[in-house]
Each structure stands twice: as C-alpha cells, then as structure tokens.
Amino acid sequence: MTLEDIKSFSLEELQEQFRQQGQPPYKALQVYQWLHRGVSSFDEMTDISKVLRQYLAERYYISVANIEKKLVSDYDSTIKYLFRFRDGEYVESVLMRYHHGYSICISTQVGCKMGCTFCATGKSGFSRNLAPSEMLAQIQAAQRDNDIRISNVVLMGMGEPLDNYDNVLKFLRLVSSEQGMNIGMRHISLSTCGLVDQIYRLADEKLQLTLSVSLHAPNDSIRTRTMPVNRKWPVEELLKACRYYIKQTGRRISFEYAMIDGVNDSDVCATELAKRLSGMLCHVNLIPVNPVGGTSYRKSKRDRLERFCRILERQGLTATVRRTLGSDINASCGQLRRKHTEEGGTTVEDIR
Ligand code: SAH
Ligand code: SF4
C-alpha cells in the first residue's frame, strides 16, 4: 500500500478520513496539532494510543525536511539550509533574524521552469513541485534546529510559487490555520516573476498577504532579455494585473528590482520605471544583483543604487535599497543546491 502525505491534509480533510476509517474525528484534531508542531514520527504523538499510532503509520507518512547542509553567516547570524526530502531531492531555505522576530524564506519547487538569466535556480532547470507539507516542513525544521518560533514567512526561495498554485494555496491555508502554526497572512509574502493569469486568480482569493513582483526592468526590451516570462506576459499586462490585485485586496505591492551594472540601472531606466508605476499603491525594493556563475552580470555600484532610488523618490514613489542579509553565505538562492549536486556531498556542515 502506498503511504499518503498526512501533513498536506486540512483539518477538515483529516477529520473526514478518520470518520471514514471509523476513528473518532476529535482525534484528528490532536493528530493535526502534533503534525503542525513539527513531529517527525507518529511515536512522538504521546497522547495518542499506540494502536492508533501504528494504524496511522501503516497508512501515512510524515513529510520532513532533513538538514543536509547548514551555513551560518558571520555577520548577522542568517542561516542558509539545504534540506533533503524523502525522495532525495534538495531545496534551500534561509532563516533571518530581525528585531521583530524570525523570518524564513522557503522554496516552493525543486528548481524552476522560468529560466531567468540572472538566477541560479533558473539555470538548474526544473525537477518537481513541492507538496504543501514540504513547505511546512522547511519552517518546522528551522524552528526545531534553533528552538525558536518563526513569525514571518517569505515564498521567495527556489521555484515560482504561482507555477505551483494549488499546493501553494493549500500551504497558505495550512500555515495560517489557528490549530496549526497560526502564522497570519499579513506575516506572509509571496514573490512571483509575473504569471499574469495566476495573479488574477490570487487577487480573487482576497488574501491579506504581501505580493512581491519581480520586475527587474522598466520596459519589455530589457525585461525580455533577462526574463523569458516577459514574452508571454509583457510589462503592461503585468502591471494591469497588479492594479487589479491592489483593487481586490487593498494591499500594497512590492516590486523587486535587481540592479545589474549597465543593464537596467541607468537614470533613463529609473525615470521610465517611475513613470510606469506612478499612482500605484506600491513600493520598490532595489537589490544589487548577486553574481551567479556562468553569467557576466555584475552588481551595480552603491552610488548608482542610491541615485536610482533618489530618482524614484523624486517622482513620488517609495523605494529602498535593500539590505542583503547573510551576504557571505547568500550567493543567491539556488547556488547551494547547484554546488552540492555537482559535488555529490552528503555532510552536514556549519561553516563560520
Ligand atoms: N520565482 C519567484 C520567487 C523566487 S526568486 C520570483 O522570481 O519572484 C526570489 C527573488 O530573487 C526574485 O525577486 C528574483 O528575481 C530574485 N533573484 C533571483 N536571482 C537573483 C540574483 N542573482 N540576484 C538578485 N536577485 C535575484
Ligand atoms: Fe524562477 Fe524566480 Fe529564479 Fe526566475 S527568479 S528562474 S522565476 S526562481
């Protein structure tokens, strides 16, 4: 009998399964709470009878993220994890400590199909979608490893969340459920490269999460060069969907803009960007691009970033030059997995 993924079920679904199997549905709540506290085996569910624990173990598996590698930043205690799932696939997550608490950036797919030219994940191709339980497991593993409670979640690791729409939506409902981890939507951000049809879908869910849109260029000719998705959904269509998202949710959109030396960082680009975004409820995050092996992209200079930022502000936009946490270990999401896969390594490391 193939085992089912018990942590991807909602509480209602689990109660229904228990009912069908002749188990008392109130026990489903107990099991659900254990699962969302991050246990890795049914035997850890100490207030569940041995008989039921055995019954569950014969039908289901508990999805866990095993720590394969761990890099701790010298500067700011940011931790980057390489996690391994039960089928041997790897993803990366990054745990950051802010003054208001802990935030984790998690992956939603193993690899990515979108092929952005500046991105390490995009360069490694696509392997598979993550299940809702595997997204939860990344948070739980980091909490357990550090004995902390994480308050903020960012879907900005490997993969394109809106290309795994149903599983991501299910994850959002699970992680925010009161009987589960209870992380409110206002503490969750989702980053997309701009899958316009899915942005409309998400807007109609009217969730209070923060949508980040990876724009990275003020016009189609530059954007198409770095982001193939722009061929299908050009900038104007993307911005139209963003306006709809704002209208439906009342939430401010965050535009991500990776500054690449000589590609998208001129004064002309800043002015064009400001014009395009004018009047929108939004914020622009400027990030120096993280150079990835196999590309010739270089970071824009610091004074270029600041000048670009001032031009946007003068045109009435709010913009910030983003602080890069864990810059010594970061090397941008996707690089750790790529390196690890190439080396075939299996050790757990704590590099300082
Ligand atoms: N697929 C989603 C989310 C994962 S990528 C998306 O593209 O939005 C998370 C963020 O990292 C995106 O804003 C992406 O554009 C950015 N990113 C990818 N590679 C980068 C690099 N080399 N330097 C800076 N930002 C990068
Ligand atoms: Fe995929 Fe995002 Fe990387 Fe583009 S930037 S390849 S969408 S993970």
Side-chain angles (χ1 to χ4, degrees), residues 80 91-94 96 103-130 135 138 153-165 167-168 171 188-196 198-199 202 209-217 222-233 238 241-242 245 253-261 263-265 282-300 305 320-327 329-339:
K80 185 159 188 165
V91 298
E92 297 178 20
S93 310
V94 181
M96 293 152 287
S103 181
I104 189 164
C105 172
I106 61 162
S107 296
T108 55
Q109 295 181 314
V110 183
C112 184
K113 294 178 208 155
M114 302 299 144
C116 302
T117 56
F118 47 77
C119 175
T121 306
K123 294 201 164 298
S124 316
F126 175 78
S127 182
R128 68 169 174 87
N129 281 327
L130 292 193
M135 299 176 215
Q138 296 169 61
V153 179
V154 189
L155 277 63
M156 226 192 220
M158 297 168 56
E160 167 50 47
L162 298 187
D163 185 41
N164 184 14
Y165 190 93
N167 285 346
V168 164
F171 159 77
I188 302 174
S189 301
L190 183 154
S191 180
T192 178
C193 65
L195 302 187
V196 165
Q198 308 300 332
I199 293 177
L202 187 67
L209 53 80
T210 300
L211 184 66
S212 289
V213 174
S214 302
L215 194 55
H216 305 318
I222 300 178
R223 197 164 192 264
T224 302
R225 264 199 274 154
T226 52
M227 301 182 72
V229 67
N230 199 72
R231 281 193 203 108
K232 187 156 186 196
W233 285 296
L238 173 57
C242 291
Y245 186 88
I253 286 191
S254 181
F255 287 106
E256 305 301 313
Y257 199 100
M259 298 275 288
I260 313 175
D261 185 36
V263 175
N264 62 357
D265 65 347
C282 70
H283 181 89
V284 181
N285 258 323
L286 301 171
I287 321 130
V289 77
N290 217 318
V292 165
T295 73
S296 56
Y297 297 138
R298 276 169 297 135
K299 280 183 182 37
S300 303
L305 272 120
T320 38
V321 175
R322 201 163 75 188
R323 190 162 72 103
T324 44
L325 287 175
S327 47
I329 55 162
N330 199 346
S332 107
C333 240
Q335 289 211 328
L336 189 56
R337 170 175 174 261
R338 211 173 156 205
K339 189 161 170 284

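Atoms within each ligand, like the ligands themselves, are counted from 1 in listed order. All residue numbers refer to positions in the sequence shown, counting from 1.
Using a 4.0 angstrom heavy-atom cutoff, Gly157 counts as in contact with ligand 1.
Shortest non-hydrogen contact noted between Arg298 and Val289 is O-CG1, 3.6 Å. A pairwise comparison of heavy atoms in Tyr297 and Ile260 identifies CD2-CG2, 3.5 Å as the closest pair. Minimum interatomic distance between Gln138 and Ser93 (heavy atoms only, all atoms of both residues): OE1-OG, 2.8 Å. Closest approach of Val229 to Gly194, counting heavy atoms only: CG2-O, 4.1 Å. Contact between Asn230 and Arg223 at its shortest, heavy atoms only, is OD1-NH1, 2.9 Å.
Of the residues Leu190, Leu162, Leu202, the one that meets the side-chain contact (heavy atoms from CB on, under 4.5 Å) test with Val168 is Leu190. No option in Val91, Asn164, Thr121 other than Asn164 meets the side-chain contact (heavy atoms from CB on, under 4.5 Å) test with Gln109.
The distance from ligand 1 to the heavy atoms of Cys193 drops below 4.0 Å at these ligand atoms: 6 (C), 7 (O), 8 (O). Residue Thr192 approaches ligand 1 through these ligand atoms, each under 4.0 Å from one of its heavy atoms: 6 (C), 8 (O).
In His216, the part holding a heavy atom less than 4.0 Å from any atom of ligand 1 is the side chain. Contacts of Ile287 with ligand 1, taken as heavy-atom pairs under 4.0 Å, are absent altogether. Under 4.0 Å from ligand 1, the heavy atoms of Val292 that appear belong solely to its side chain.
Around atom 1 (Fe) of ligand 2, protein atoms of type N, O or S found under 2.8 Å number 1.
Remark: the Glu160 side chain and the Thr192 side chain contain an N/O donor-acceptor pair separated by less than 3.5 Å.
Of the options Gly159, Cys112, Ser191, the smallest heavy-atom separation from atom 1 (N) of ligand 1 is shown by Gly159.
Residue Phe118 has at least one N or O atom closer than 3.5 Å to an N or O atom of ligand 1. Distances between N or O atoms of Ser214 and those of ligand 1 include at least one value under 3.5 Å.
Between Asn167 and Met135, the closest side-chain pair of non-hydrogen atoms falls below 4.5 Å.
Partners of Tyr257 according to the ring pair (Phe, Tyr, Trp, His ring centres under 6.0 Å) rule, which considers only residues two or more places apart in sequence or in another chain, are Phe308.
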